[in-house]
Asker: 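Before we start, here is the structure in question, set down as structure tokens.
Every chain is numbered from 1 and lettered A, B, ... according to where its sequence line falls, protein lines coming before strand lines.
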2 protein chains.
Amino acid sequence: MNENKYRNTKQREQILNILLKDKSHPTASDIYDKMKVQFPDLSLGTVYRNLNILVEQGKIQKLDFGSTYDHYDGNCCYHSHFVCRQCKKVYDLGCIEDDIEKVQQTTNHKIESCLKKYYGVCENCL
Amino acid sequence: MNENKYRNTKQREQILNILLKDKSHPTASDIYDKMKVQFPDLSLGTVYRNLNILVEQGKIQKLDFGSTYDHYDGNCCYHSHFVCRQCKKVYDLGCIEDDIEKVQQTTNHKIESCLKKYYGVCENCL
DNA sequence: TCCCTTATTAGTAATCGTTACGATTATTAT
DNA sequence: ATAATAATCGTAACGATTACTAATAAGGGA
Ligand SMILES: [Mn+2]
Ligand SMILES: [Mn+2]
Ligand SMILES: [Zn+2]
Ligand SMILES: [Zn+2]
């Protein structure tokens with residue numbers, strides 16, 4: 001009896017491995033480029049499909065920063081992110097501090113602003 | 001002498017008025033629908049173009065929540081937002097508190113999670 | 001007021017990140 | 001090994017947003 005509706009494929013395994021090692025929060029296209037050497041016939045759609053499956057499995061998380069591409073993160077623990085408005089790179093902020101001044105003291109990046117978004121169920125839907 | 005490179009149009013004025021009154025954080029499409037009565041020949045492209053201009057002028061702000069559409073907010077003061085995972089509505093959170101427990105005490109929505117994104121210039125770009 | 005410059009518009013095509021489809025291939029249970 | 005059916009690749013489609021173009025209109029100056 002198969003508890004898991006998913007099968008194991010080299011492609012999906014490699015995508016997960018890349019995300020577990022790579023801390024740069026790569027996009028689907030970044031991952032596709034990295035895998036092209038090992039999988040010359042890889043389809044970009046395969047990368048997207050497997051990223052969605054891995055998110056559904058709770059093994060990775062998707063990050064959106066309002067930019068054109070979505071970014072993916074192999075670290076599913078709760079942590080904040082820092083985005084450079086110049087080079088657009090996405091960095092981890094180890095600090096869980098809430099005061100922006102205190103967060104600034106824990107990193108060499110120059111923090112200019114912070115956006116907080118809360119998610120849940122609204123009173124109308126409850 | 002005209003200091004402003006922009007001219008005044010009924011369309012842009014109406015878009016701004018809607019955003020100043022409407023606290024529901026409407027999408028471009030929402031605004032388009034509301035204006036169709038008064039401007040039957042309105043083009044959706046006109047809405048998008050003027051929203052970008054108003055953002056550039058600092059009169060409104062664009063909000064992205066990883067969903068399909070961007071949302072727009074006539075309130076440019078710093079404030080947090082709450083998104084219902086069920087109905088996808090976007091609400092204001094008046095509270096500036098950082099502790100999620102304290103924020104929960106100020107609203108009737110059921111808060112499940114919070115995402116913080118910091119923006120600035122990274123140490124490599126400095 | 002009229003004229004002129006040009007920002008703005010409506011309509012439509014294009015862009016582009018992502019998803020869906022369909023025939024073939026690969027995984028896995030029996 | 002066989003059968004059932006995920007997964008793959010290649011390609012088409014999707015959808016929110018942007019770009020293009022000819023016509024329109026705002027608004028400054030004569
Ligand atoms: Mn991260
Ligand atoms: Mn708001
Ligand atoms: Zn940078
Ligand atoms: Zn709701």
Side-chain angles (χ1 to χ4, degrees), chain A residues 1-19 25-57 59-73 83 88 90, chain B residues 1-19 25-57 59-73 83 88 90:
Chain A
M1 53 259 5
N2 186 7
E3 293 294 312
N4 191 350
K5 67 175 176 175
Y6 297 113
R7 295 175 180 173
N8 297 323
T9 68
K10 292 179 173 62
Q11 289 91 337
R12 187 183 306 145
E13 183 183 25
Q14 177 68 358
I15 291 172
L16 180 57
N17 282 336
I18 286 175
L19 282 172
H25 308 87
T27 66
S29 181
D30 292 336
I31 295 168
Y32 174 75
D33 291 340
K34 282 197 173 186
M35 294 180 65
K36 259 295 185 181
V37 182
Q38 188 176 349
F39 302 88
D41 294 331
L42 182 67
S43 172
L44 184 55
T46 297
V47 176
Y48 275 106
R49 181 170 19 79
N50 281 310
L51 285 169
N52 286 336
I53 289 173
L54 290 168
V55 167
E56 183 193 330
Q57 292 178 327
K59 296 179 178 175
I60 66 171
Q61 64 172 319
K62 183 196 282 192
L63 306 174
D64 74 279
F65 295 95
S67 61
T68 43
Y69 291 91
D70 286 335
H71 294 255
Y72 293 87
D73 194 339
V83 185
K88 307 298 180 191
V90 178
Chain B
M1 53 254 12
N2 186 6
E3 295 293 314
N4 192 348
K5 67 175 177 176
Y6 296 112
R7 294 176 181 173
N8 297 322
T9 68
K10 292 179 172 65
Q11 289 91 337
R12 188 182 304 145
E13 184 183 24
Q14 177 68 358
I15 290 172
L16 180 57
N17 282 337
I18 286 176
L19 282 172
H25 309 86
T27 66
S29 180
D30 293 336
I31 295 168
Y32 174 75
D33 291 339
K34 283 198 173 184
M35 294 180 66
K36 259 293 186 183
V37 183
Q38 187 176 348
F39 301 89
D41 294 330
L42 182 68
S43 173
L44 184 55
T46 297
V47 177
Y48 275 107
R49 184 172 17 79
N50 280 310
L51 285 169
N52 285 337
I53 290 173
L54 290 168
V55 168
E56 182 194 329
Q57 293 178 327
K59 295 178 178 174
I60 66 171
Q61 63 172 318
K62 184 196 281 191
L63 307 174
D64 73 278
F65 294 95
S67 61
T68 43
Y69 292 91
D70 285 335
H71 294 255
Y72 293 87
D73 193 341
V83 185
K88 306 299 180 192
V90 178

Asker: Taking only side-chain nitrogens and oxygens of Asn52(A), does any of them come within less than 4.0 Å of OP1 or OP2 of dT19(C)?
Answerer: yes
Asker: Does Arg49(B) make a side-chain N or O approach to OP1 or OP2 of dT9(C) shorter than 4.0 Å?
Answerer: yes
Asker: Tyr48(A) near the nucleic acid: base, sugar-phosphate alone, or nothing, with a heavy-atom cut-off under 4.0 Å?
Answerer: base
Asker: Would you say Gln11(A) places a side-chain N or O within less than 4.0 Å of OP1 or OP2 belonging to dA26(C)?
Answerer: no
Asker: Check every atom of dG27(D), dT17(D), dT27(C) against the side chain of Asn8(B) and return the nucleotide holding the closest atom.
Answerer: dG27(D)
Asker: What's the closest nucleotide to the side chain of Arg7(A) if the choices are dA10(C), dT5(D), dT18(D)?
Answerer: dT5(D)
Asker: Quick one, which residues of residues 25-44 of chain B touch DNA chain C with a heavy atom under 4.0 Å?
Answerer: Asp41(B), Leu42(B), Ser43(B)
Asker: In whole angstrom, what separates Lys5(A)'s NZ from dT28(C)'s C1'?
Answerer: 17 Å
Asker: Assuming nearest nucleotide by heavy-atom distance, tell me which of Tyr69(B) and Thr9(B) is located more 5' along DNA chain D.
Answerer: Tyr69(B)
Asker: When the distance from NZ of Lys88(A) to P of dG17(C) is rounded to whole Å, what number comes out?
Answerer: 15 Å
Asker: Mind jotting down which residue pairs meet the salt bridge (charged side-chain N to carboxylate O under 4.0 Å, His left out) criterion with at least one end in residues 10-19 of chain B? Sequence neighbours excluded, please.
Answerer: none
Asker: Do any side-chain nitrogens or oxygens of Thr46(B) fall under 4.0 Å of OP1 or OP2 in dA10(C)?
Answerer: yes
Asker: Return whichever of Val47(B) or Asp70(A) has its heavy-atom-nearest nucleotide of DNA chain C closer to the 5' end.
Answerer: Val47(B)
Asker: How many Å lie between CD on Glu56(B) and P on dT8(C), as a whole number?
Answerer: 10 Å
Asker: How close do Met35(A) and Gln11(A) get, counting heavy atoms only, and between which atoms?
Answerer: CE-O, 3.5 Å
Asker: Mind checking the NZ-CD1 spacing from Lys5(A) to Ile53(A)? Nearest 0.5 Å is all I need.
Answerer: 8.0 Å
Asker: Checking all strands, does Arg12(A) fall into the base, sugar-phosphate, or nothing category for heavy-atom contacts under 4.0 angstrom?
Answerer: sugar-phosphate
Asker: Taking the side chain as C-beta and beyond, is there a heavy-atom pair between Lys88(B) and Tyr69(B) under 4.5 Å?
Answerer: no
Asker: dA16(D) P sits how many Å from His71(B) NE2, rounded?
Answerer: 11 Å
Asker: Take atom CG of Leu51(B) and atom P of dA16(D), then tell me their distance rounded to the nearest Å.
Answerer: 15 Å
Asker: Output the rounded distance in Å from CD (Glu13(A)) to P (dT27(C)).
Answerer: 11 Å
Asker: Check each of Asp73(A), Ile15(A), Leu16(A) against Ile60(A) using the side-chain contact (heavy atoms from CB on, under 4.5 Å) test, and report the only one that passes.
Answerer: Leu16(A)
Asker: Which heavy-atom pair separates Phe65(B) from Val83(B) by the least distance, and what is that distance?
Answerer: CD2-CG2, 3.2 Å
Asker: How long is the span from the CG atom in Leu51(A) to the CG atom in Asp70(A), to the nearest 0.5 Å?
Answerer: 9.5 Å
Asker: Can you measure Asn50(A) atom CG to dT8(D) atom C1' for me and round it to whole angstrom units?
Answerer: 9 Å
